[in-house]
Amino acid sequence: MKKLLTLTLCSTLLAACAAPARYVDPAADDGAVTMTMDYRDFERAADDAVQDLLASGVVDNPSGERYVMVVSRITNDTMQRIDTDQLVKKIRVALLRSGKVVTTTAVGIDGAEDEMNMAARELRASDEFDQSTVQEKGTLQAPDLSLSGKIIQRNHRVEDEQQVEYYFQLSLTDLRQGFAVWENETPIIKRGPNDSVSW
Amino acid sequence: MFRSMFVVTVIAIAGAIAACAPVQPEREYVQRDDLKVDPEVRQFLVVRELLQSRVEQPGGGSLLQIQFSVEAYEDADLEWAVTWFDDAGMRVPSVGEGYQPAHVLMGQTRFFGAIAPHERVTSYQLHLREDR
């Protein structure tokens, strides 16, 4: 009985000492650096890419119209299971906000990103729908630009530490000519204790 | 005689030590609306220049671009972030809200740059803080 009481008291004390769950403000995050890729790395890579892209002027259409971009394949060549949309979505949002580029969801490397583009057009055959509200033929816009890329990870041993290198490589292709009109690589290098896991 | 020699030696050693010490940049800090440097950061570096220009775009518009340089008098880690504003003083969001980490070596002058996320950006505030 006495043993049980001591155990309960100890576990309660330990639980009381643990840090409580809390929200993190990304604009003022003082948290420790992780060896894996976290949101700060994606933010940094996307910010670097967008700044370079805007500065290059390749996404500014001389006609004043917005360019239409399609997202092609972004390969995850790391040891981590990540969704590359964590990078791509930030770039898409920033380009849309810049007023220079709009992304099409009607075309994609594995089919349309939003299948509703075609599903909405299948309503043409239905008598249940007011046909004046159904999308007309020939209204979808073909993309001008294609964004593709790769995220690479390399691990090294440096004395009694490990070094993990992440490379965010992106290309923007002008689909009319097939030229890569903009390319960028953002390296993010981390060094930390050997016992940290980077996959 | 012995005493005066001792004094001269002490002065000479003190002079030699002072000569070997790294030359520290001026710590003068001028308050500006577009630059905010935390007091902890001012102790180990100085912002040498803060420049701005507009990058012309093929469509006729232009984007605000800034460049700043810092000189450190000791190895130091810092973080920096730029907040962009439009003509009305409203914040224009960019990709990230976070700070960019940077490592500056003693005596090194490093240059950093950033470009506005939208053509309507007309002003900015650069914030330098200690690495947390």
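Computed from heavy atoms alone, side chains included, the values below leave out hydrogens, waters and symmetry copies. Letters A, B, ... are given to chains in the order of the sequence lines, protein chains preceding strands, and every chain is numbered from 1.
When the side chains of ILVMFWY residues are joined at heavy-atom separations under 4.5 Å, either directly or via intervening members, B:V41 and B:F112 end up in a single hydrophobic cluster. Under the 4.5 Å side-chain heavy-atom criterion for Ile, Leu, Val, Met, Phe, Trp and Tyr, A:V93 and A:L172 are members of distinct hydrophobic clusters. With hydrophobic clusters built from ILVMFWY side chains whose heavy atoms lie under 4.5 angstrom apart, B:F44 shares a cluster with B:L35.
Counting non-hydrogen atoms of other residues, nucleotides and ligands closer than 6.0 Å to CD of A:E165 gives a total above 12. No more than 12 heavy atoms of other residues, nucleotides or ligands lie within 6.0 Å of CD in A:E136, so this atom counts as exposed by the packing criterion. Within 6.0 Å of atom CD in B:E40, more than 12 heavy atoms from other residues, nucleotides or ligands are found, so the atom counts as buried in its surroundings. More than 12 heavy atoms of other residues, nucleotides or ligands lie within 6.0 Å of NZ in A:K190, so this atom counts as buried by the packing criterion. Within 6.0 Å of CG in B:D87 there are 12 or fewer heavy atoms belonging to other residues, nucleotides or ligands.
Between B:P93 and A:R97 the shortest heavy-atom distance is CB-NH1, 3.5 Å.
Contacts with chain A were tallied for B:A114, B:A116, B:A81, B:G61; B:A114 has the most, counting heavy-atom pairs under 4.5 Å. Each of A:D30, A:I91, A:L95 has some count of heavy-atom pairs under 4.5 Å with chain B, and the biggest count is that of A:D30.
Contact annotation for B:E56: neither backbone nor side-chain heavy atoms come within less than 4.5 Å of a heavy atom of chain A. For B:Q57, the parts sitting under 4.5 Å from any heavy atom of chain A are the backbone and the side chain alike.
Contact residues of residues 37-75 of chain A toward chain B are A:E43, A:R44, A:A46, A:D47, A:V50, A:Q51, A:L54, A:A55, A:G57, A:D60, A:N61, A:P62 (heavy-atom distance under 4.5 Å).
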